[in-house]
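All values below were derived from every heavy atom in this structure, side-chain atoms included, with hydrogens, water molecules and symmetry-related copies excluded.
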Amino acid sequence: MDTAVNAIDLYWIPLGAGGRFVRFNGTAFEAITALIQGRPRCDLYHSALVVTTPECQFAIEQTPVLNSCGSERGVVSEGPVGARWAGRFRLFRYEIRRWPHGVIPDAGYAVASPVRVSTDSSVARRLLDLVPCVPALTWGRDELGAGDMWNSNSVISWLLDGSGINAEQIAPPRGGRAPGWAAGLAAARRILLPVGAQLS
C-alpha cells in the first residue's frame with residue numbers, strides 16, 4: 001500500500017500467529033463458542049494499528065507486559081488480565097503501546113492487510129491522543145455487560161470509534177471473527193470523550 005503523509009492502517013493478524021500456545025487456546029475457545037452458538041467455526045483475529053503522521057509512524061497494539069522497560073516500546077498504560085486482583089502480578093497484566101517508529105511484531109502474518117481506514121490528519125492525531133485514555137478494563141471479562149469480552153480488539157475498536165471512524169462497519173477478513181470488537185464499541189459509547197473534545 002502506498003504511503004500517505006497522514007494515514008491510519010488496520011492490521012488483521014490471525015490469533016496466535018507465531019505462537020502455538022495462544023493459537024491452541026484460541027482454537028479451543030472458538031470451537032466451544034461455535035458449538036454453543038450453533039454456527040460454523042471461524043478464524044479468529046487480533047487487530048493492531050499503524051498511524052502515520054508527517055513527524056512519525058506509530059505502532060498501536062495491546063500485548064502482554066514484557067520484562068524490558070515499557071518506555072522503549074511506547075507503553076502508555078497497563079491493565080489486568082482475567083481478574084482485577086491478578087493485575088498485581090506482571091504475568092497477569094497487559095500493556096497498550098503507542099510506539100514511535102515501532103513495529104507490529106506479527107504484521108508479517110496479517111491477512112488482507114493493511115486496511116487503510118483514514119487519511120484525515122485530524123482523525124489521526126485525535127486517535128494518537130486517545131491511546132493513553134483507553135479504559136483499563138479487565139482482559140477476558142465483560143465488565144460492561146456488552147455481551148462481549150474486553151481484549152486487544154476492544155482497544156482498537158474503541159480508538160477507531162472514538163476518533164470518528166465508524167468502526168461498526170469494519171469487519172475482519174471473510175470467514176473470520178474478532179472477539180472483543182463489540183465490547184470496544186460499547187465502551188466508546190459509554191466512557192469516551194466526545195469527538196472534538198480537548199485532551200490534556
Side-chain angles (χ1 to χ4, degrees), residues 1 3-23 25-26 45-111 113-118 121 123-141 150-160 162-163 165 178 180-181 184 187 192-193 199-200:
M1 182 172 290
T3 300
V5 174
N6 294 283
I8 301 174
D9 291 324
L10 172 65
Y11 287 78
W12 292 112
I13 302 167
L15 186 66
R20 293 182 181 179
F21 180 75
V22 174
R23 184 167 58 249
N25 286 337
Y45 288 93
H46 157 79
S47 55
L49 297 172
V50 171
V51 178
T52 304
T53 69
E55 298 80 22
C56 185
Q57 190 173 76
F58 298 81
I60 299 173
E61 189 176 23
Q62 183 202 72
T63 72
V65 168
L66 300 181
N67 291 325
S68 58
C69 179
S71 61
E72 296 175 356
R73 54 189 182 278
V75 174
V76 296
S77 64
E78 295 183 2
V81 171
R84 288 227 163 252
W85 64 264
R88 292 177 294 177
F89 306 98
R90 178 181 294 273
L91 181 63
F92 297 101
R93 291 204 307 273
Y94 63 77
E95 64 184 35
I96 297 176
R97 302 174 184 173
R98 184 182 57 189
W99 190 358
H101 306 293
V103 297
I104 305 298
D106 293 327
Y109 296 95
V111 176
S113 301
V115 179
R116 183 149 293 171
V117 294
S118 179
S121 61
V123 173
R125 292 184 184 281
R126 176 169 175 80
L127 191 148
L128 290 172
D129 285 344
L130 279 173
V131 180
C133 304
V134 174
L137 299 178
T138 305
W139 186 97
R141 302 293 295 272
W150 185 263
N151 61 22
S152 60
N153 292 323
S154 313
V155 171
I156 300 304
S157 63
W158 188 92
L159 287 169
L160 291 174
S163 62
I165 295 169
W181 196 263
L192 179 68
L193 293 173
L199 300 172
S200 58

Minimum heavy-atom separation for [X] to [Y], with atom names?
X    : Y    : result
G74  : P100 : CA-CD, 4.3 Å
A86  : V81  : CB-O, 3.8 Å
P135 : W150 : O-CZ2, 3.5 Å
T138 : A83  : CG2-N, 3.5 Å
V76  : P132 : CG2-CA, 3.9 Å
P80  : G87  : CB-CA, 3.9 Å

Is a side-chain N or O of [X] found less than 3.5 angstrom from the main chain of [Y], in a donor-acceptor match?
X    : Y    : result
R90  : L66  : yes
W99  : E72  : yes
S157 : W181 : yes
R126 : G162 : yes
S163 : L160 : yes
T52  : Q57  : no
N153 : S47  : yes

Side chains of Q62 and H46: is there a donor and an acceptor less than 3.5 Å apart?
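H46 and Q62 do not have a side-chain donor-acceptor pair below 3.5 Å.
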
With no hydrogens and no angle check, just 3.5 Å: does a side-chain donor-acceptor pair link N6 and T53?
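There is no such pair (donor and acceptor under 3.5 Å, judged by atom type) between the side chains of N6 and T53.
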
Run the numbers on I60 and I104 for side-chain contact (heavy atoms from CB on, under 4.5 Å), then give the verdict.
CA-CA 8 Å; I60 299 173; I104 305 298; over 6 Å; no

Counting only heavy atoms not in F58, do more than 12 sit closer than 6.0 Å to its CZ atom?
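Counting other residues, nucleotides and ligands, CZ of F58 exceeds 12 neighbours.
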
Is there a side-chain contact (heavy atoms from CB on, under 4.5 Å) between D9 and V115 once you walk through the steps?
CA-CA 5 Å; D9 291 324; V115 179; over 6 Å; no

From CG (L10) to CG (L159), nearest 0.5 Å
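Taking CG in L10 and CG in L159, the distance rounds to 11.5 Å.
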
Inter-residue atom distance F92.CZ - W85.CH2, 0.5 Å rounding:
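Rounded to the nearest 0.5 Å, the CZ-CH2 separation comes out at 6.5 Å.
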
Under the rule for side-chain hydrogen bond (donor to acceptor under 3.5 Å, both in side chains), what residues qualify as partners of R125, not counting sequence neighbours?
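For R125, the residues satisfying side-chain hydrogen bond (donor to acceptor under 3.5 Å, both in side chains) (neighbours in sequence not counted) are E55.
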
Report yes if some heavy atom in the side chain of [X] is under 4.5 Å from a heavy atom in the side chain of [Y]; otherwise report no.
X    : Y    : value
I96  : V75  : no
R84  : L137 : yes
L128 : R98  : yes

Y11/V50 under side-chain contact (heavy atoms from CB on, under 4.5 Å): CA gap, chis, key distance, verdict
CA-CA 8 Å; Y11 287 78; V50 171; 3.6 Å; yes

Mind checking salt bridge (charged side-chain N to carboxylate O under 4.0 Å, His left out) for R141 and listing every partner two or more places apart, or none if nothing turns up?
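R141 satisfies salt bridge (charged side-chain N to carboxylate O under 4.0 Å, His left out) with no residue once adjacent residues are dropped.
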
Holding to side chain to side chain contact (heavy atoms under 4.5 Å, CB included), I want the full list of residues that pass it with V111, two or more places apart in sequence or in another chain.
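P14, Y45, P173.
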
side-chain contact (heavy atoms from CB on, under 4.5 Å) between R97 and T63: does it pass, once the steps are laid out?
CA-CA 8 Å; R97 302 174 184 173; T63 72; 3.1 Å; yes

Quick one: do R93 and E95 make a salt bridge, cutoff under 4.0 Å?
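Looking at R93 and E95, the cut-off is not met.
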
